[in-house]
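Please read the structure below before turning to the comments.
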Amino acid sequence: MSNAKQQAKEKEMAMSVSNVYLHVVEDVINNVRIDFQSEGVDDNVLNELQSLWELKLVQSGAIQDPTAHDPLANPAAKPIPQTVATPVLDLNGPYVAAEEYETPPNDFPRVPASTSSREPVMFQYMPPGPSEESLQIDPGQQHLAPRIGNGTPSSYMQQPASWMNQKHRGVELNMNETYEEREGDTDTAQAPVAAPGAPPITKDFLTISTGKRKHDEISSGQYYIPQRDGAVDDELSTSMGETCENEGREVLGNWQAERSVGRSEDLRLWLQYRRSADAAIEQLIHAKLLQGLSGVAQLDGIDDEYDDAVAEDYNEPEDDLPVPEAKIAVNAEPTESEGSEPPLCEDDDEDDVDDADRGDDEPDTNHLVLAQFDKVTRSKNKWKCTLKDGIMHLNNRDILFVKATGEFEF
Amino acid sequence: MASYELYRKSSIGMSLTDALDELVTNGTISPLLAVKVLMQFDRSMNEAFSTKVKAKTSFKGHLHTYRFCDNVWTFILEQASFKTDNDVTAVDRVKIVACDAKILAR
């Protein structure tokens with residue numbers, strides 16, 4: 001019984017949908033008759049349009065009754081509203097209205113990652129290494145050696161000043177010679193006798209100031225790169241490191257200018273060391289990131305190292321706080337799994353969202369609802385919306401509504 | 001004097017568009033006339049909603065995608081059920097396109 005009732009009801013609904021559609025057809029035809037006539041088009045064409053239209057409607061299953069265009073079946077179709085005065089609506093034009101749901105502007109708090117500034121700076125100071133050697137060759141400056149040789153943190157505060165002075169005097173030396181003579185004795189704090197192969201005293205103090213990274217570089221390529229961009233990595237010698245680096249910077253800059261003159265065969269070695277320093281720096285940066293908390297968390301969007309590991313969500317104002325923690329957590333995680341990421345390409349997009357052709361022709365694909373929204377709200381992941389004046393095409397059936405309320409979860 | 005062209009994507013709108021396309025391709029009517037017909041269709045559709053349609057619907061589902069661009073909401077719902085006058089329709093995936101109803105001009 002209920003089945004028959006339901007079917008009857010469906011039929012009735014479908015009939016009413018057909019009625020509405022046919023009413024619309026009649027309305028349109030009547031209204032464009034004038035346009036057709038003003039264009040000089042025959043009425044036959046208009047009738048042809050109407051029959052074509054209704055035929056296609058029947059074919060698509062939108063209306064059931066092919067004879068419904070009989071005027072007797074549509075008593076309400078006759079009155080033609082002449083005073084419909086809906087103003088021009090340009091969907092693409094600027095529109096300002098009070099929205100229930102405002103998409104907040106993308107908020108990108110820009111916190112520059114401190115690690116990134118280090119890298120380019122490093123390479124500029126490759127050459128300075130052997131420069132210290134030059135000091136020892138210069139007989140006039142050998143007296144410098146014993147003083148700087150201490151290498152202890154307490155004493156080297158004074159050394160840079162005197163050393164820098166010496167440095168300026170020795171700037172015009174030819175660095176090539178000293179470079180070849182280096183023996184690679186690295187991180188000892190011994191008192192260097194003024195021998196050509198002795199480890200540069202200045203090197204020691206720079207080593208201490210910049211922490212373990214400098215040890216890596218020194219051991220790898222007999223070179224060190226003083227850090228010039230601010231706070232040192234090693235917390236122990238922060239203040240000392242900064243002071244030394246500030247002073248060392250100008251000296252090294254001078255030295256570099258001189259050095260670049262005669263750098264032909266050193267270039268290869270320089271590049272080699274550059275690469276190894278690269279690797280060392282990368283290691284340190286990663287180590288820092290994995291520790292996570294001592295560094296500066298990146299808050300400004302996609303994580304730079306892992307392209308599509310982090311899901312972006314910038315439309316939710318209340319989600320701003322949890323984002324940094326999520327990002328830090330994600331940073332640590334994909335290190336192993338995404339070592340070699342292919343570059344972003346169009347295949348990374350989710351294909352199943354707006355796919356036009358879904359392979360085989362399913363009969364009920366693309367269920368569609370076209371409507372106007374009155375209100376769309378969201379609370380956490382619960383969405384509510386009120387729609388009006390809609391056409392629903394579901395399961396190959398058309399349903400019209402004046403009002404609709406929806407609740408969904410994201 | 002235009003309205004939302006939203007309903008041109010419905011069955012009735014597509015039928016009209018196809019019919020007009022045929023006539024224009026045949027050269028029976030000019031494209032300008034076809035555009036005028038479509039604009040009239042927009043108006044008639046909107047007017048029909050305010051006079052002829054009475055039904056109300058409610059629906060639920062899982063939101064797969066949401067988009068709000070150019071004042072148009074697009075939702076993609078999964079496992080949705082639409083209830084109209086004790087008639088329930090269930091679909092596994094539906095796209096909802098909604099324009100703003102509050103534009104003063106309308």
Side-chain angles (χ1 to χ4, degrees), chain A residues 9-10 13 20-21 23-24 27-28 31-32 35-36 39 41 45 48-49 52-53 56-57 60 62 81 84-89 91-92 95 97 101 103 353 366-374 376 383 387-389 391-395 398-410, chain B residues 1-4 6-7 9-12 15-16 18-20 22-23 28-30 33 36-37 40-41 43-49 52-63 65-66 68 70-71 73 76-77 82 84 87 89 91 93-103 105-106:
Chain A
K9 198 161 182 127
E10 275 185 24
M13 213 163 49
V20 174
Y21 281 174
H23 163 83
V24 170
D27 198 31
V28 171
N31 277 318
V32 300
D35 285 325
F36 267 61
E39 287 254 331
V41 180
V45 179
E48 189 182 342
L49 171 65
L52 258 179
W53 188 2
K56 289 187 190 294
L57 274 175
S60 70
V84 174
T86 53
V88 179
L89 179 74
L91 287 181
N92 293 326
Y95 166 60
Y101 188 96
T103 318
V353 175
N366 298 333
H367 308 289
L368 183 66
V369 173
L370 301 167
Q372 301 166 33
F373 67 88
D374 267 330
V376 174
W383 289 71
L387 309 177
K388 61 180 262 208
D389 293 353
I391 302 182
M392 304 193 287
H393 181 74
L394 311 167
N395 294 333
D398 276 11
I399 304 171
L400 305 174
F401 61 82
V402 144
K403 213 166 165 56
T405 52
E407 294 181 11
F408 20 94
E409 277 183 30
F410 182 59
Chain B
M1 254 216 338
S3 315
Y4 276 129
L6 174 70
Y7 303 111
K9 290 293 175 202
S10 64
S11 317
I12 182 172
S15 306
L16 176 59
D18 290 343
L20 284 170
E22 267 189 50
L23 292 181
T28 317
I29 60 178
S30 65
L33 192 54
K36 283 192 189 166
V37 174
Q40 179 57 49
F41 166 74
R43 288 191 287 269
S44 299
M45 261 325 273
N46 282 290
E47 186 259 338
F49 272 114
K52 301 289 277 182
V53 185
K54 300 278 182 280
K56 295 200 169 98
T57 308
S58 69
F59 57 97
K60 287 184 192 300
H62 165 72
L63 183 63
T65 308
Y66 61 89
F68 183 59
D70 292 336
N71 265 337
W73 275 106
I76 295 186
L77 254 53
F82 293 77
T84 314
D87 173 48
T89 311
V91 291
R93 191 186 190 96
V94 60
K95 181 188 229 178
I96 301 178
V97 180
C99 298
D100 195 350
K102 287 197 295 268
I103 294 188
R106 316 201 63 248

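In what follows, chains are A, B, ... by sequence order, proteins preceding strands, each numbered from 1. These figures come from a predicted structure and were not determined experimentally.
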- Message: Please find the pair of heavy atoms, one from K388(A) and one from A101(B), that lie closest to each other, and give the distance.
- Response: CD-CB, 3.8 Å
- Engaged part of I96(B) at the chain A interface, taking heavy atoms whose separation is under 4.5 Å: both
- Message: Return the NE2 to OG distance between H23(A) and S44(B), rounded to the nearest 0.5 Å.
- Response: 7.0 Å
- Relative to chain A, which of V94(B), V91(B), L16(B), I29(B) shows the most heavy atom pairs under 4.5 Å? L16(B)
- So which of V24(A), I391(A), L370(A), L400(A) has the biggest tally of heavy-atom pairs under 4.5 Å with chain B? L370(A)
- Note on the structure: On a heavy-atom basis, the closest approach of D27(A) and E47(B) is OD2-OE1, 3.5 Å
- Task: Tell me, for L77(B) versus chain A, whether the close heavy atoms (under 4.5 Å) come from the side chain, the backbone, both or neither.
- Result: side chain
- Message: Taking the side chain as everything from C-beta on, heavy atoms only, tell me whether V32(A) gets closer than 4.5 Å to F41(B).
- Response: no
- Message: Any donor-acceptor pair under 3.5 Å linking the side-chain atoms of T89(B) with those of N395(A)?
- Response: no
- Sort K54(B) into side chain, backbone, both or neither according to what part of it lies under 4.5 angstrom from a heavy atom of chain A. backbone
- Which atoms of I12(B) approach chain A - backbone, side chain, both or neither, heavy atom under 4.5 Å: both
- Message: To the nearest 0.5 Å, what is the distance between CD on Q372(A) and NZ on K102(B)?
- Response: 11.5 Å
- Message: Looking at every non-hydrogen atom in both residues, tell me the closest pair between L6(B) and A371(A) and how far apart they are.
- Response: CD2-O, 3.1 Å
- Single hit among F68(B), F59(B), Y66(B) for ring pair (Phe, Tyr, Trp, His ring centres under 6.0 Å) with W383(A): Y66(B)
- Item | Region of S60(A) in contact with chain B, defined by heavy-atom distances below 4.5 Å | side chain
- Query: For the atom pair NE2 (H367(A)) and CZ (F82(B)), what is the distance rounded to the nearest 0.5 Å?
  - Reply: 9.5 Å
- Note on the structure: Smallest heavy-atom separation, N71(B) atom then F373(A) atom, equals O-CE2, 3.6 Å
- Looking at H62(B) and F410(A), what are the two nearest heavy atoms and their distance? CE1-C, 3.8 Å
- Measure the spacing between CG of L387(A) and SG of C99(B) and express it to the nearest 0.5 Å. 11.0 Å
- Message: With rounding to the nearest 0.5 angstrom, report the CZ to CG distance, R93(B) to L368(A).
- Response: 13.0 Å
- Is any side-chain heavy atom of T84(B) closer than 4.5 Å to a side-chain heavy atom of F401(A)? no
- Item | Straight-line distance of F36(A) CZ to K36(B) NZ, nearest 0.5 Å | 10.5 Å
- Note on the structure: Taking every heavy atom of T28(B) against every heavy atom of V41(A), the minimum-distance pair comes out as O-CG1, 4.4 Å
- Item | Any side-chain donor near an acceptor of the partner, E39(A) and S30(B), under 3.5 Å | yes
- Query: Is V37(B) close to D35(A) at the side-chain level, that is, under 4.5 Å between some pair of heavy atoms?
  - Reply: no
